[in-house]
Protein chains: 2
Amino acid sequence: MNKKRQVTTAPVSLAQVAAAAGVSVATVSRIVNGQTQRASTETAARIREVIETLGYRPNHVGRALRRRESRIVAMLSPNLDNPAMAAIAASTEAALRAAGYVMILCDTHDRPDLQDEYLHAMRSQGVRGYVLVNAVDSLALAGAVGRGDPIVFVGRRNPVGPGPFVGIDNYRAGADAADHFWSLGIRRPAVIYPSQGSSTTRDRVAGFIERMRHLGIAEDQIRRADAPGLSHLQVGYEAARILVGTGDWPSGLLCASDLMAYGAYRLAWEQSVSIPADCRILGVDDNALNAWLAPWLTSVHIPYDAFGSRVVAQLEILWRGDQPEDDLLPHRLVAR
Amino acid sequence: MNKKRQVTTAPVSLAQVAAAAGVSVATVSRIVNGQTQRASTETAARIREVIETLGYRPNHVGRALRRRESRIVAMLSPNLDNPAMAAIAASTEAALRAAGYVMILCDTHDRPDLQDEYLHAMRSQGVRGYVLVNAVDSLALAGAVGRGDPIVFVGRRNPVGPGPFVGIDNYRAGADAADHFWSLGIRRPAVIYPSQGSSTTRDRVAGFIERMRHLGIAEDQIRRADAPGLSHLQVGYEAARILVGTGDWPSGLLCASDLMAYGAYRLAWEQSVSIPADCRILGVDDNALNAWLAPWLTSVHIPYDAFGSRVVAQLEILWRGDQPEDDLLPHRLVAR
DNA sequence: ACAATTTAGGCAAACGTTTGCCAAACTCTC
DNA sequence: GAGAGTTTGGCAAACGTTTGCCTAAATTGT
């Protein structure tokens with residue numbers, strides 16, 4: 001008794017279609033690619049008939065080799081566990097499919113070495129373009145940028161130079177957060193953020209501080225704390241602990257991301273600090289779960305659902321050979 | 001002034017390496033593939049030298065065409081927005097990378113037509129195997145299964161026959177939930193689940209009901225409600241509304257998933273029902289955010305982090321030509 | 001010294017496409 | 001009815017690999 005499974009049957013090739021239709025592969029290829037003016041109506045119909053009955057589907061590998069371009073796009077993203085990253089991946093995947101592409105997803109864990117490994121692997125794979133979510137500085141990235149490979153940066157700008165960007169105006173988002181606190185009468189809000197901040201979180205904090213300064217609150221009046229770490233949940237918890245370790249809970253607390261807000265919330269819960277009564281927490285991302293699980297959290301909504309089509313639009317500009325401009329999507333503060 | 005970007009430089013090919021080293025492409029190919037016994041030590045060294053300086057990397061497209069097998073695996077998953085699906089995707093991606101593969105991610109939105117479209121596209125892409133998360137019944141799936149394509153089913157079993165499976169024992173998970181309620185002295189728990197239930201949720205509910213019956217609670221004593229819809233959040237909210245519309249809140253409520261539990265929680269919040277004081281809610285999935293945002297939720301932990309390596313193990317068995325056995329991972333109830 | 005074997009490496013045919021070029025066979029036009 | 005133009009379609013060369021087969025040269029055995 002043999003436990004081996006049957007070998008999986010091979011797909012139909014152009015040659016088989018050609019043989020069955022009594023024409024050359026060239027003719028079939030042209031029909032498949034819609035060049036109807038290169039075959040008589042009857043021949044075309046016959047070929048289509050055979051294609052239908054044989055169930056022929058073009059082999060993308062052969063096509064990619066010959067055309068020297070595939071229909072695969074690589075997305076490199078740090079930790080997919082972050083709901084914001086998952087949202088970006090989901091919307092980009094959908095937009096790519098609509099445009100006739102498929103997406104290879106690579107989780108870089110925010111590590112430059114992994115990012116490099118993936119960039120190399122994707123180039124070998126002959127991908128048509130790259131979507132780099134929160135890219136980090138790395139050797140192969142510099143190489144790809146230098147070569148002029150089609151890359152779109154999402155969330156975080158190109159760390160090794162200029163390059164097409166899709167995201168929000170983080171600086172203004174921070175400023176809006178300041179305005180929100182101000183309109184609530186909160187004059188001494190605090191802010192927490194990750195230690196090894198990217199341009200993203202740095203911009204948010206900078207916009208916040210600057211706007212507060214503009215409203216008349218000196219920079220050194222704004223309490224702030226940061227913490228290292230990979231998970232923003234942990235970072236939020238730790239940074240909040242550091243912050244309130246040196247004083248009371250602030251009446252308003254801006255967190256650089258929703259996940260950080262969750263971390264801070266947990267500390268508040270442990271310390272029996274009532275949210276939002278004792279401390280208004282503000283996050284950024286507007287995670288879809290907030291409406292269900294975190295009604296206490298006001299957050300800056302980032303339209304991740306819209307990112308996908310914008311990313312594809314940028315890629316298509318690059319493929320045309322043009323130079324795209326940064327695409328800053330509108331954010332808005334949603335209070336619950 | 002031309003706004004076009006410079007054309008991206010082509011990668012180095014085997015032929016270029018061969019020319020630079022003064023040997024044939026065959027020899028270079030053999031060195032690249034580690035067949036050292038087919039070249040003298042000096043030749044091998046010289047070739048490696050050239051490879052290094054030219055920065056040659058094998059083109060996976062050409063290789064895939066010739067070898068008739070790629071290093072790409074396709075994952076088809078319904079809505080990535082679901083944190084559980086994202087967790088599966090993340091762990092599978094990591095395990096695949098460790099094994100030298102890359103992952104194309106396809107979001108089927110639980111739609112058979114999209115699943116079929118992707119199955120066809122992936123076959124054209126020449127993927128080495130398929131990971132189907134919560135697969136639905138569809139034509140192309142039956143075709144792929146019939147052909148003996150390497151497919152691993154995750155979460156939900158193959159809807160069109162047998163097939164390698166990675167997941168948990170959902171029936172036992174339901175039973176464990178029943179035991180948990182019982183140990184808390186809750187004798188009349190309720191249960192909510194999606195209307196168009198998959199085998200997954202059906203098994204959970206069935207295990208729950210059966211265990212309760214075994215404990216002496218007749219099936220018709222257990223209140224239950226279901227609701228249709230795509231998002232388990234909505235489903236949970238609606239089903240809970242239907243459930244309590246016909247009576248009081250139960251002292252214990254099993255929800256077929258954590259997302260459904262969030263939905264039910266929101267209704268409770270709107271109706272000023274105190275959770276967990278008035279009603280113990282039990283979920284399944286043990287979402288990573290629960291610890292931070294939903295301390296009121298007890299959940300059946302599913303080791304999604306471990307799924308990835310198990311999935312790859314199943315794939316490797318299939319690739320060897322053997323018949324894998326179902327891989328049921330241990331779950332456990334975590335109370336907070 | 002000669003045959004037998006091993007070693008080192010090249011040739012060329014695939015794999016499934018696409019496409020430039022060429023050539024018959026039509027269809028006009030005068 | 002001859003030239004000119006248009007249809008219709010095939011040939012063959014790529015694209016970058018891998019690998020079966022072949023052949024010189026080098027080594028070994030007798």
Side-chain angles (χ1 to χ4, degrees), chain A residues 8-48 50-51 54-72 120-121 123-128, chain B residues 8-48 50-51 54-72 120-121 123-128:
Chain A
T8 173
T9 48
V12 183
S13 78
L14 215 45
Q16 295 176 52
V17 175
V23 295
S24 75
V25 288
T27 306
V28 183
S29 172
R30 289 194 264 252
I31 293 301
V32 168
N33 292 27
Q35 286 188 44
T36 44
Q37 73 281 24
R38 294 298 304 274
S40 70
T41 324
E42 309 89 68
T43 314
R46 183 158 37 96
I47 291 175
R48 271 190 273 266
V50 172
I51 286 178
L54 260 53
Y56 167 77
R57 292 185 172 257
N59 177 324
H60 285 76
V61 180
R63 180 176 280 180
L65 183 58
R66 169 62 219 229
R67 287 201 182 143
R68 313 173 67 88
E69 71 175 40
S70 74
R71 302 292 281 183
I72 304 181
H120 284 133
R123 184 157 134 99
S124 299
Q125 220 48 265
V127 301
R128 183 84 187 277
Chain B
T8 171
T9 48
V12 182
S13 78
L14 216 44
Q16 295 176 51
V17 175
V23 294
S24 73
V25 287
T27 307
V28 183
S29 172
R30 290 193 263 254
I31 294 301
V32 168
N33 292 33
Q35 289 188 43
T36 44
Q37 73 282 23
R38 296 295 306 274
S40 71
T41 325
E42 310 90 70
T43 313
R46 183 158 36 95
I47 292 177
R48 272 190 271 268
V50 174
I51 286 179
L54 259 53
Y56 168 78
R57 291 183 174 259
N59 177 325
H60 284 73
V61 180
R63 179 176 281 180
L65 184 59
R66 169 63 219 230
R67 287 201 184 144
R68 313 171 68 85
E69 70 175 40
S70 73
R71 301 293 281 184
I72 304 180
H120 284 132
R123 185 156 132 99
S124 298
Q125 226 35 275
V127 300
R128 183 83 187 277

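Note on naming: letters A, B, ... go to the chains in the order of the sequence lines (proteins, then strands), and numbering restarts at 1 for each one. Only this structure's heavy atoms are used, side chains among them; waters, hydrogens and symmetry mates stay out.
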Sugar-phosphate only, base, or nothing, as touched by S13(B) at under 4.0 Å among non-hydrogen atoms: sugar-phosphate
Distances under 3.5 Å only, N/O to N/O: pair up the protein atoms with those of nucleotides 7-14 of chain D.
unit_1: dG9(D); atom_1: OP1; unit_2: T43(A); atom_2: OG1; d: 2.6
unit_1: dG9(D); atom_1: OP2; unit_2: S40(A); atom_2: N; d: 2.6
unit_1: dG9(D); atom_1: OP2; unit_2: T43(A); atom_2: OG1; d: 3.2
unit_1: dG9(D); atom_1: N7; unit_2: R38(A); atom_2: NE; d: 3.4
unit_1: dG9(D); atom_1: N7; unit_2: R38(A); atom_2: NH2; d: 2.8
unit_1: dG9(D); atom_1: O6; unit_2: R38(A); atom_2: NH2; d: 2.3
unit_1: dG10(D); atom_1: OP2; unit_2: S24(A); atom_2: N; d: 2.7
unit_1: dG10(D); atom_1: OP2; unit_2: S24(A); atom_2: OG; d: 2.7
unit_1: dG10(D); atom_1: OP2; unit_2: T27(A); atom_2: OG1; d: 2.6
unit_1: dG10(D); atom_1: N7; unit_2: R30(A); atom_2: NH2; d: 3.0
unit_1: dG10(D); atom_1: O6; unit_2: R30(A); atom_2: NH1; d: 3.4
unit_1: dG10(D); atom_1: O6; unit_2: R30(A); atom_2: NH2; d: 2.7
unit_1: dG10(D); atom_1: O6; unit_2: R38(A); atom_2: NH2; d: 3.3
unit_1: dA14(D); atom_1: N3; unit_2: R66(A); atom_2: NH1; d: 3.1

What nitrogen or oxygen pairs link the protein and nucleotides 4-6 of chain C at under 3.5 Å?
none

What's the [atom1]-[atom2] distance between [X] and [N], to the nearest Å?
X: Q125(B); N: dG16(C); atom1: CD; atom2: P; answer: 15 Å
X: R71(A); N: dG16(C); atom1: CZ; atom2: C1'; answer: 18 Å
X: Q35(A); N: dT18(C); atom1: CD; atom2: C1'; answer: 9 Å
X: E69(B); N: dT18(D); atom1: CD; atom2: C1'; answer: 12 Å
X: Q16(A); N: dC15(C); atom1: CD; atom2: P; answer: 10 Å
X: L65(A); N: dG16(D); atom1: CG; atom2: C1'; answer: 5 Å
X: I47(B); N: dA8(C); atom1: CD1; atom2: P; answer: 12 Å
X: N59(A); N: dT18(C); atom1: CG; atom2: P; answer: 10 Å

Could you measure the distance from the [atom1] atom of [X] to the [atom2] atom of [Y]? Nearest 0.5 Å is fine.
X: L65(A); Y: L65(B); atom1: CG; atom2: CG; answer: 5.5 Å
X: I72(A); Y: I72(B); atom1: CD1; atom2: CD1; answer: 4.5 Å
X: H60(A); Y: R123(B); atom1: NE2; atom2: CZ; answer: 13.0 Å

Minimum-distance pair of heavy atoms, taken over all atoms of P58(A) and R63(A): CB-NH2, 3.4 Å
Minimum heavy-atom distance between V12(A) and Y56(A), given as atom pair plus value: O-CD1, 3.3 Å
Side-chain N,O (N33(B)) to OP1/OP2 (dT18(D)) below 4.0 Å: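 True: N33(B) side-chain N/O within range (under 4.0 Å) of dT18(D) OP1/OP2.
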R63(A) side chain near dG16(C) phosphate (N/O to OP1/OP2, under 4.0 Å): no
R30(B) and V23(B): CA distance, side-chain angles, deciding distance, side-chain contact (heavy atoms from CB on, under 4.5 Å) verdict: CA-CA 11 Å; R30(B) 290 193 263 254; V23(B) 294; over 6 Å; no
Tell me if a side-chain donor or acceptor on [X] pairs with a main-chain N or O of [Y] at a distance below 3.5 Å.
X: N33(B); Y: Q35(B); value: no
X: R46(A); Y: A21(A); value: yes
X: S70(A); Y: G126(A); value: yes

Residue pair R57(B), H120(A): steps toward the side-chain contact (heavy atoms from CB on, under 4.5 Å) verdict: CA-CA 8 Å; R57(B) 291 183 174 259; H120(A) 284 133; 3.6 Å; yes
Axis deviation across the helix from dA1(C)-dT30(D) to dC30(C)-dG1(D), five-pair ends, to the nearest 10°: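 About 50° separates the two local helix axes.
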L14(A) vs S29(A), side-chain contact (heavy atoms from CB on, under 4.5 Å): CA-CA, chis, key distance, verdict: CA-CA 7 Å; L14(A) 215 45; S29(A) 172; 3.9 Å; yes
